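So that the names make sense, note that chain A is the first sequence line, chain B the second, and so on, each numbered from 1. FYI, side chains are in, hydrogens and waters are out, and symmetry mates aren't considered; it's all heavy atoms of this structure. Fair warning: this is a prediction, and the values are worked out from it, not measured in the lab.
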2 protein chains.
Amino acid sequence: MCIHCDYRQLLKDGGVSPTLNRLRVLEIIGSNNFPLPAADIHETLDRSAPINRVTVYRILDLLVEKQIVARIATGGRAAYYGMAPNAQHQAHPHFYCTQCGRMDCLTPETVDIDFHAFENTFPGRIDKVEMRLDGICRNCLKKKT
Amino acid sequence: MCIHCDYRQLLKDGGVSPTLNRLRVLEIIGSNNFPLPAADIHETLDRSAPINRVTVYRILDLLVEKQIVARIATGGRAAYYGMAPNAQHQAHPHFYCTQCGRMDCLTPETVDIDFHAFENTFPGRIDKVEMRLDGICRNCLKKKT
DNA sequence: AGATCAATGCAACTTTATTGCATTTTACAA
DNA sequence: TTGTAAAATGCAATAAAGTTGCATTGATCT
């Protein structure tokens, strides 16, 4: 997603030691401009240098917990992973193609979300806001014809 | 969700024959004022009169396809089911408690979503917009102390 | 009543993710 | 430098959620 993010620094800031595998996972996520499912991340990494599936899951859990990475739910079964909102990157909605399973990032201005009034009266704690549009992407629309 | 919805009619309008089991599934969903996971729906129905897990899944798939019921993704693993937006019910955001797994409906005015400008320029097809707040609900906050 | 199709049930399987425990690597004090 | 503890990783087994194939039951229409 970004050439401005210092992954090593992001890990340190989150209080996790920057092991090789963590850096690798974070780089894949960060260098991709759309969120990826765990299986894709594992496959990509495993091709360049073997890494266990479970290790990837554990690293993802850790990075999500430290809010370095965001876990994004889809209409489908697998969770997708992208960079968590930070100084460089605003939170933004996603588009999920129910046909090919690809998830794209939309620009933050796509939608105008104003829930601050609500936030102040809500009796629970809000950690995260997720917004997703589901549909059929341009490519899949073309193929359909 | 509603005493105004005629479930039998909703099924007919969607072009599916109103079998007993379909009515039962739809009534559970409709009479609940928050979305439920498939397992809960099955458990509840199965207690009053035995029904197969797979039958419930199949009915849910059918109702979602016919847009009578909405499948709502959570931060967790299971999908939740609620009434699809219709004449009686506007689309609305949900709040998902990451602690107890309960999902609540929020009022449609909670957030101000304006994506019509975007919709007109987007090259794909948008079928659905889903918005979800994750956090800890009031009850779980209390328990924590 | 017989034929036909839709709906349901049951068992096996798939996908995605998690757990427990063994092994390896790293950090760091002695 | 070596020993030791803690952290990280790997591997196998298991779990949760959902799906598929095929048999059976039930509904519908002559």
Side-chain angles (χ1 to χ4, degrees), chain A residues 7-8 11-12 14-26 28-29 35-66 68-81 96 98 100-101 103, chain B residues 7-8 11-12 14-26 28-29 35-66 68-81 96 98 100-101 103:
Chain A
Y7 300 123
R8 190 174 291 272
L11 290 177
K12 281 184 190 158
V16 311
S17 52
T19 66
L20 177 57
N21 282 336
R22 287 175 185 164
L23 277 167
R24 295 213 292 151
V25 167
L26 190 53
I28 289 288
I29 294 173
L36 295 170
D40 284 12
I41 296 170
H42 174 249
E43 201 187 332
T44 304
L45 290 177
D46 199 49
R47 256 199 305 268
S48 65
I51 182 174
N52 195 273
R53 212 164 58 83
V54 177
T55 300
V56 173
Y57 277 120
R58 281 200 276 238
I59 290 175
L60 289 171
D61 284 349
L62 180 69
L63 299 185
V64 167
E65 185 202 324
K66 299 302 183 184
I68 301 167
V69 158
R71 174 181 284 128
I72 303 149
T74 71
R77 294 234 252 147
Y80 281 52
Y81 296 88
Y96 178 68
T98 51
C100 65
M103 179 174 270
Chain B
Y7 300 123
R8 190 174 292 273
L11 289 178
K12 281 184 191 158
V16 310
S17 51
T19 67
L20 177 58
N21 282 336
R22 287 175 185 166
L23 277 167
R24 295 214 292 150
V25 167
L26 191 52
I28 288 288
I29 294 174
L36 295 170
D40 283 12
I41 295 171
H42 173 249
E43 201 187 332
T44 304
L45 291 177
D46 199 48
R47 256 199 305 268
S48 64
I51 182 174
N52 195 273
R53 210 166 59 84
V54 177
T55 302
V56 173
Y57 277 120
R58 280 198 277 238
I59 291 176
L60 289 171
D61 284 351
L62 180 68
L63 299 185
V64 167
E65 184 200 326
K66 299 301 183 186
I68 300 167
V69 159
R71 175 181 285 131
I72 303 150
T74 71
R77 292 237 250 152
Y80 282 51
Y81 296 87
Y96 177 68
T98 52
C100 64
M103 180 173 269

Requested in this report: Tell whether B:R53 reaches the base of D:dG18 with its side chain through a donor-acceptor pair below 3.5 angstrom.
Outcome: yes
Query - Whole-Å distance separating the CG atom of A:N21 from the C1' atom of C:dT25 - result: 11 Å
Report task. Return the minimal non-hydrogen interatomic distance between A:R24 and A:A49, and the atom names on each side. Result -> NH2-O, 2.8 Å
Report task. Return the nearest nucleotide to the side chain of A:I51; candidates are D:dG10, D:dG18, D:dA16. Result -> D:dG10
Query raised in the report: Is there a donor on the side chain of B:R58 or the base of C:dG9 sitting less than 3.5 Å from an acceptor on the other?
Result: yes
Query raised in the report: Is A:R22 side chain donor-acceptor paired with the D:dA8 base, going by distance under 3.5 Å alone?
Result: no
**Report entry** Between P of D:dA16 and CD of B:E43, the distance in whole Å
**Finding:** 13 Å
Query raised in the report: For DNA chain C, whose closest nucleotide is more 5', that of A:P37 or that of B:V56?
Result: B:V56
Query raised in the report: What is the distance from CZ of B:R77 to C1' of C:dT19, rounded to the nearest Å?
Result: 12 Å
Report task. Calculate the interatomic distance between B:I59 atom CD1 and C:dA6 atom C1'; express it in whole Å. Result -> 12 Å
Report summary line: Of A:L62 and A:V54, the one whose closest nucleotide on DNA chain D sits nearer the 5' end is A:L62
Query raised in the report: How many angstroms lie between atom CZ of A:R58 and atom CG of A:N52, to the nearest 0.5 angstrom?
Result: 7.5 Å
Query raised in the report: Is A:D61 salt-bridged to A:R71, cutoff N-O under 4.0 Å?
Result: yes
Requested in this report: Decide yes or no for A:P37 and A:Y80: does some side-chain heavy atom of the first lie under 4.5 Å from some side-chain heavy atom of the second?
Outcome: yes
Query raised in the report: Hey, does the side chain of A:Y57 come within less than 4.0 Å of C:dA17's phosphate (OP1/OP2), counting only N and O?
Result: yes
Report task. Report the distance from atom CG of B:L45 to atom C1' of C:dT8, rounded to the nearest whole Å. Result -> 14 Å
Report task. Would you kindly give the CG-to-P distance between B:D40 and D:dG18, to the nearest whole Å? Result -> 11 Å
Query raised in the report: Whole Å only: how far is the CZ atom of A:R71 from the C1' atom of C:dT16?
Result: 12 Å
Query raised in the report: Does a side-chain N or O from B:S17 land closer than 4.0 Å to OP1 or OP2 of C:dA7, or not?
Result: yes
Query raised in the report: Contact class for B:A39 (heavy atom, under 4.0 Å): base, sugar-phosphate, or nothing?
Result: nothing
Query raised in the report: Is the shortest side-chain N/O distance from B:N52 to OP1 or OP2 of C:dC10 below 4.0 Å?
Result: yes
Query raised in the report: Looking at B:T19, does any N or O in its side chain come under 4.0 Å of the phosphate oxygens OP1/OP2 on C:dA7?
Result: no
**Report entry** A:R22 versus A:I59, closest heavy-atom pair with distance
**Finding:** N-CD1, 3.8 Å
**Report entry** Out of D:dG18, C:dA11, C:dA17, whichever nucleotide has its closest atom nearest the side chain of B:A38
**Finding:** D:dG18
Report task. Measure from CG on B:D46 to P on C:dT8 and round the result to the nearest Å. Result -> 14 Å
